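Have a look at the structure below before the remarks.
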Amino acid sequence: MGDLETVLEERREELLRRWSEALHRSLPRAAPGEPPSPSELFELLHGLTRALGEHPASAGPPTASPWLSRGDPLPLALAVYESLGEAVTDLLQEEGGVLSPGEARVLTRFITSGLAAAGAPRESSRVTEGRLRPEALTPFDAHIEREWQRLLASEKAARQEAEEANRLKDEFLATVSHELRTPLTAMLGWVQVLRNGNLPPEKRERALETVERNARAQGQLIEDLLDVSRIMSGKLKLDVGPVEMGHVVEQALESVRPAADAKGLRLQTALDSTGHVMGDARRLQQVVWNLLSNAVKFTPKGGRVQVFVERRDSAVEITVADTGPGIAPEFLPHVFERFRRAEGALTRRAGGLGLGLSIVKQLVEMHGGTVAAFSEGVDQGATFTVRLPLSVAMRREATLPPSLRRAHPGIPCPPELTGLRVLVVDDEHDTRELLRTLLEECHAQVSTAASVAEGLERLKEELPDVLVSDIGMPGEDGFTLISRVRALPPKDGGRTPAVALTAYARVEDRTRVLLAGFHSHVPKPVEPVELLVVLASLSGRFGAVRG
């Protein structure tokens, strides 16, 4: 279903009803006159159906149109044909169809011939090949001529768009064939070699690795095709739940790290662990993996890939930037379009179907977010930014046992804080006591230190689960503390999750804190709920911090 002639045949009654309604909506703008009756509309529609089944030259409406002789014919004809185009377009879109160039040509001639019949006397001397002669143009005729030119331009644009879509689909099918056959060639070739039984053990292992790698690559291609099919048919479903985006990005990073190491790429990360969203963790990891794998694939050896996760306003922002070949300005607006590739099917340097970014855009939008691409041009690298709405609700609040709730209503204690060992380092006595009271009321075990030296000593002795440190301290600041902590071996607390407290809350301050080695950033004045949620998200997330 989807071609115009089929739609006209099978949904004629529905089309007539919609046409009549659209016509009556437009009649107040037309000159007084009696509109066509239902039977006259039916006859006109029958003429269009007949024209579609014949040669385009026979696309004119019935010559005898009684309604043209009632009232002012041209405004009435404009209302009739305009409402016809509206009804046909809406119904065709509902059926999942698009006007083919031939159908557009027939419909254009059908409408313009009807308008010519309404605006011109019936002398053959004024008409040549279905068009009015220039010397015989009246004001009504000039309006018809403009409408004719507009419809012709529209039909030409539609034809060009259809031809471009066909070209892209042909190129895409050629790419699919190439990408599916390439791993098959390697797999079949190595299987035949293995069957001979003459390979030494080391080459046999290499052959098996090659077969497995190509099988996984082919499996990924098939998954991409299936995802596109599910998205286009509206059958892709999300398993929605609370998701911590820093953790999602860490998992995606681990999967691309071997490829990055093999190319000698520098992976620079700054991940804020307080960015929670409501979404499908598996699909969000797919989004990040697609962006990261593209960055690793296209960045030349010795290049750099940067990944940032930060909260900005009411959103979580994930940024992936690389020093790769960049994106040409003319291709940048099309980078997320399906079937589009910056390189031709035969001259491209990287494999894949080119569907990854299209899938990324669809998945991000299904989560209520946006994705954007930026590049200063060829050989200038590329930056992709995903923004997802922040989820501040904790689903477990409603099920907390009464023994874990604080005395103050509205500030619930996450169960992860019970028994959590927290070291607080701050030179301000009042701040240390405030944080101690807040955390102990949530059943955490708290120790405090007033300086970097004291904090390091307590960390080595007590091996806390989480470190909370002020940044601005006299003498040695929080950056010095975290650098000395990260220099320690894991058994001495070198991997302890750390939260930075600072009155500096600009984006660049947050980025500097994360790059220094802290896992999260909480601005001063401290909001109790925010600090409790951050500590709960870090508790136990990094495994055994002492071994």
Side-chain angles (χ1 to χ4, degrees), residues 242 244-248 250-251 269-276 309 394 396-397 400-401 403-406 411-426 431-471 473 478-502 513-514 516-522 526-547:
E244 199 268 281
M245 284 308 301
H247 185 53
V248 167
E250 282 178 350
Q251 291 179 318
T269 63
L271 310 180
D272 188 336
S273 62
T274 63
H276 291 75
V309 177
M394 292 185 63
R396 283 173 287 189
E397 289 178 2
L400 292 178
S403 62
L404 295 180
R405 294 189 181 274
R406 296 189 65 237
I411 306 181
C413 291
E416 294 90 343
L417 299 187
T418 301
L420 188 72
R421 292 171 298 171
V422 182
L423 172 60
V424 176
V425 181
D426 198 303
T431 301
R432 293 198 304 272
E433 290 309 305
L434 168 66
L435 296 179
R436 178 194 290 275
T437 302
L438 175 66
L439 295 172
E440 286 182 345
E441 287 187 8
C442 285
H443 306 279
Q445 300 175 22
V446 184
S447 61
T448 61
S451 66
V452 169
E454 185 182 355
L456 277 172
E457 184 179 344
R458 288 190 177 276
L459 184 135
K460 294 176 183 178
E461 292 175 354
E462 301 174 7
L463 296 176
D465 297 313
V466 182
L467 167 66
V468 178
S469 174
D470 186 23
I471 292 295
M473 293 185 288
F479 291 115
T480 302
L481 173 61
I482 196 63
S483 65
R484 293 173 67 179
V485 169
R486 295 294 175 243
L488 296 173
K491 63 182 180 64
D492 293 332
R495 292 175 54 197
T496 304
V499 179
L501 301 180
T502 174
V513 162
L514 297 174
F518 287 95
H519 292 95
S520 190
H521 165 282
V522 176
V526 175
E527 287 288 342
V529 171
E530 181 177 8
L531 179 61
L532 295 179
V533 170
V534 168
L535 292 176
S537 72
L538 291 176
S539 63
R541 226 194 72 198
F542 295 90
V545 298
R546 295 175 294 281

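This chain uses plain numbering: 1 for the first residue, then up along the sequence. Quick caveat, the model's predicted, so the values are computed rather than measured.
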Quiz question: by atom type and distance under 3.5 Å, do the side chains of E244 and S537 form a donor-acceptor pair? no

Could you measure the distance from the [atom1] atom of [X] to the [atom2] atom of [Y]? Nearest 0.5 Å is fine.
X    : Y    : atom1 : atom2 : answer
L501 : S520 : CG    : OG    : 9.5 Å
E416 : D465 : CD    : CG    : 12.5 Å
R486 : F518 : CZ    : CZ    : 8.0 Å
L271 : M245 : CG    : CE    : 10.0 Å
L439 : L417 : CG    : CG    : 7.0 Å
Q445 : L423 : CD    : CG    : 13.0 Å

Which atom names give the shortest non-hydrogen contact between [X] and [Y], and what distance separates them?
X    : Y    : value
P490 : R495 : CB-CD, 3.8 Å
K460 : L488 : CE-CD2, 3.8 Å
G478 : S469 : CA-OG, 4.1 Å
L514 : A270 : CB-CB, 3.6 Å
I482 : A516 : CG2-O, 3.7 Å

How about V422 and V468: do any of their side-chain heavy atoms sit closer than 4.5 Å? yes

Beyond-backbone contact of C442 with L532, side-chain heavy atoms, under 4.5 angstrom: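 A side-chain contact under 4.5 Å exists here.
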
Checking A450 now: which residues fulfil side chain to side chain contact (heavy atoms under 4.5 Å, CB included) with it, not counting sequence neighbours? R432, E454

S483: side chain to side chain contact (heavy atoms under 4.5 Å, CB included) partners, not counting sequence neighbours: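 Residues passing side chain to side chain contact (heavy atoms under 4.5 Å, CB included) with S483: none at all.
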
Can you tell which of L434, V446, V499, V466 makes a side-chain contact (heavy atoms from CB on, under 4.5 Å) with V424?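 Per the side-chain contact (heavy atoms from CB on, under 4.5 Å) rule, the option paired with V424 is V446, out of L434, V446, V499, V466.
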
Between L481 and the options L459, D470, L456, I471, the side-chain contact (heavy atoms from CB on, under 4.5 Å) test singles out L456

Any donor-acceptor pair under 3.5 Å from H519 side chain to A498 backbone: yes

Ignoring hydrogens and geometry, is there a side-chain-to-backbone donor-acceptor pair from R458 to L463 under 3.5 Å? no

